[in-house]
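Beneath this line is the structure, given in structure tokens, with notes to follow.
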Amino acid sequence: MSSDSNSKKIKFFLLANKRKDADGAAIDKLRRKIESMGHICECNDNNSNLENTKFLYTNPDDVPDDVDIIVVLGGDGTILQTSRDLHVLQKPILGVNIGTLGFLTDCEMETVDEALERIVSGDFKIDHRMMISGQVIRDGKVVYEDFALNDIVINRRGSLRVIDFDVVVNNQYLNTYVADGLIISTATGSTAYALSAGGPIIEPTAKDIMITPICPHTLNSRSIILDCNAEVTVVMTDSKQLADERVVTFDGETGFALVPGDKVVITKHPECAIFAKTSKISFLQRIRDKMMDH
């Protein structure tokens with residue numbers, strides 16, 4: 001991405017996971033670095049407007065309109081929550097890993113100075129990450145809806161009994177599953193829960209929807225990768241009346257209990273999550289390094 005950043009003051013907005021930066025040392029280091037470079041920095045120190053809202057981590061009303069880039073300090077969970085909360089702003093997020101795995105982050109604290117210098121000089125790219133929407137339809141009415149950057153998961157809770165469901169793609173029957181659950185993920189989510197369930201890794205900027213069964217009771221169930229414009233409908237066919245033992249969750253953060261007959265309809269979300277990428281490390285090298293480290 002080319003930029004006239006050297007002739008313009010860039011306005012940064014800093015967020016940190018308080019559990020990982022309890023004393024504020026990391027966020028203070030970034031603030032001092034940005035100000036020493038002659039640019040503007042604001043911080044979200046209190047999350048004062050989160051009560052009685054739908055936001056998990058950050059209220060977008062706390063972010064000034066003229067912010068150019070949002071810097072988030074934390075792990076993948078922090079980045080995930082922030083991108084969900086702030087997607088309405090359509091501002092690029094720079095993720096700084098002070099967590100563990102850090103697939104969604106761009107750099108570590110040890111390399112953040114270099115990342116900030118690249119932002120200021122315009123030496124960075126913008127990644128647009130596809131998100132997916134989900135609606136729960138009961139008796140012909142939408143009773144719940146949300147969206148996800150990583151995945152929408154249908155699974156059991158409480159009882160260890162398996163659940164039954166049909167999967168329909170673009171109004172065409174695909175398969176009936178007897179399994180612990182089902183993961184419908186984006187390419188970004190392919191390195192999350194879907195990977196643990198045996199799914200493939202997809203380059204994160206790809207526009208795909210992936211279906212991965214969780215512990216299916218069959219020998220030949222595999223992940224299926226679909227075009228981003230596919231409509232995936234999961235029909236809860238289980239007749240055991242386990243009404244309180246199935247749930248659909250969105251990025252592992254929000255959820256809704258399902259009952260027999262419910263349909264969960266998943267489609268591409270109209271907006272993307274936007275990430276600033278300064279790292280020169282390729283996706284394949286990043287995967288290799290993460291797999292060897294963990």
Ignoring hydrogens, what is the shortest heavy-atom contact between [X] and [Y]? Give both atom names and the distance.
X	Y	result
Lys9	Gly38	NZ-O, 2.7 Å
Pro60	Leu86	CA-CD2, 3.6 Å
Ile10	His39	N-ND1, 2.8 Å
Leu14	Arg31	CD1-N, 3.7 Å
Tyr177	Ser221	CE2-OG, 3.9 Å
Ser223	Thr212	OG-OG1, 2.8 Å

Between [X] and [Y], is any pair of side-chain heavy atoms under 4.5 Å apart?
X	Y	value
Val63	Leu15	no
Pro204	Arg129	yes
Arg246	Ile154	no
Asp76	Asn150	no
Lys125	Arg118	no
Glu117	Thr278	no
Met236	Val248	no
Phe165	Val264	no

[X] and [Y]: same hydrophobic cluster, using ILVMFWY side-chain contacts below 4.5 Å?
X	Y	result
Val247	Val136	no
Ile209	Val265	no
Val142	Val168	no
Met130	Val169	yes
Ile137	Ile266	no

Please, which pairs that meet salt bridge (charged side-chain N to carboxylate O under 4.0 Å, His left out) have at least one residue in [range], sequence neighbours excluded?
range	answer
residues 197-216	none
residues 173-190	Arg156-Asp180
residues 247-263	Arg84-Asp251, Arg138-Asp262
residues 209-219	none

Contacts of [X] that satisfy side chain to side chain contact (heavy atoms under 4.5 Å, CB included) - sequence neighbours left out:
X	answer
Ser83	Ile93, Leu149, Ala273, Phe275
Asn229	Asp227, Lys268
Asp166	Tyr173, Thr176, Val235, Thr237
Lys141	none

Check: Asp127/Thr205 side-chain N/O donor and acceptor closer than 3.5 Å: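 Per modelled atom types, Asp127 and Thr205 side chains form no pair under 3.5 Å.
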
Using modelled atom types and a 3.5 Å cut-off, is there a donor and acceptor pairing between side-chain atoms of [X] and backbone atoms of [Y]?
X	Y	value
Asp21	Ala26	yes
Glu114	Ser279	no
Asn59	Asp61	yes
Thr111	Glu108	yes

Set of residues satisfying salt bridge (Lys or Arg N to Asp or Glu O under 4.0 Å) with respect to Glu231, sequence neighbours excluded: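 So Glu231 forms no salt bridge (Lys or Arg N to Asp or Glu O under 4.0 Å) with any residue.
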
To the nearest 0.5 angstrom, please state how far the [atom1] atom of [X] sits from the [atom2] atom of [Y].
X	Y	atom1	atom2	value
Met131	Cys272	CE	SG	7.0 Å
Thr233	Asn171	OG1	CG	6.5 Å
Leu182	Ile163	CG	CD1	8.0 Å
Lys277	Leu94	NZ	CG	8.5 Å
Phe12	Met37	CZ	CE	6.5 Å
Asp151	Ser190	CG	OG	10.5 Å

Asp139, CG: over 12 other non-hydrogen atoms inside 6.0 angstrom: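 Counting neighbours around CG of Asp139, 12 or fewer heavy atoms of other residues, nucleotides or ligands fall under 6.0 Å, so no.
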
Asp65 CG: over 12 foreign heavy atoms closer than 6.0 Å: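 Not buried by this count: 12 neighbours or fewer within 6.0 Å.
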
Members sharing Tyr193's hydrophobic cluster (side chains within less than 4.5 Å):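 Traced through the cluster, Tyr193 reaches Val153, Ile183, Ile214.
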
For Ile202, the rest of its hydrophobic cluster, which grows through side-chain links under 4.5 angstrom: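 Noted: Ile202 shares its cluster with Met210, Ile225.
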
Qualifying residue, where the test is salt bridge (charged side-chain N to carboxylate O under 4.0 Å, His left out) with Asp68 and the options are Lys8, Lys11, Lys91: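 Testing each of Lys8, Lys11, Lys91 against Asp68, the sole residue satisfying salt bridge (charged side-chain N to carboxylate O under 4.0 Å, His left out) is Lys8.
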
Mutual orientation of the aromatic rings belonging to His269 and Phe147 [parallel < 30°, tilted 30-60°, perpendicular > 60°]: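 His269 vs Phe147 ring planes: tilted.
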
Residue list, ring-ring contact (aromatic ring centres under 6.0 Å, His included) with Tyr144, at least two apart or on another chain: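 Here the qualifying residues are Phe250, Phe256.
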
Worked verdict on Met109 versus Leu73 for side-chain contact (heavy atoms from CB on, under 4.5 Å): CA-CA 9 Å; Met109 277 302 295; Leu73 290 79; 4.0 Å; yes

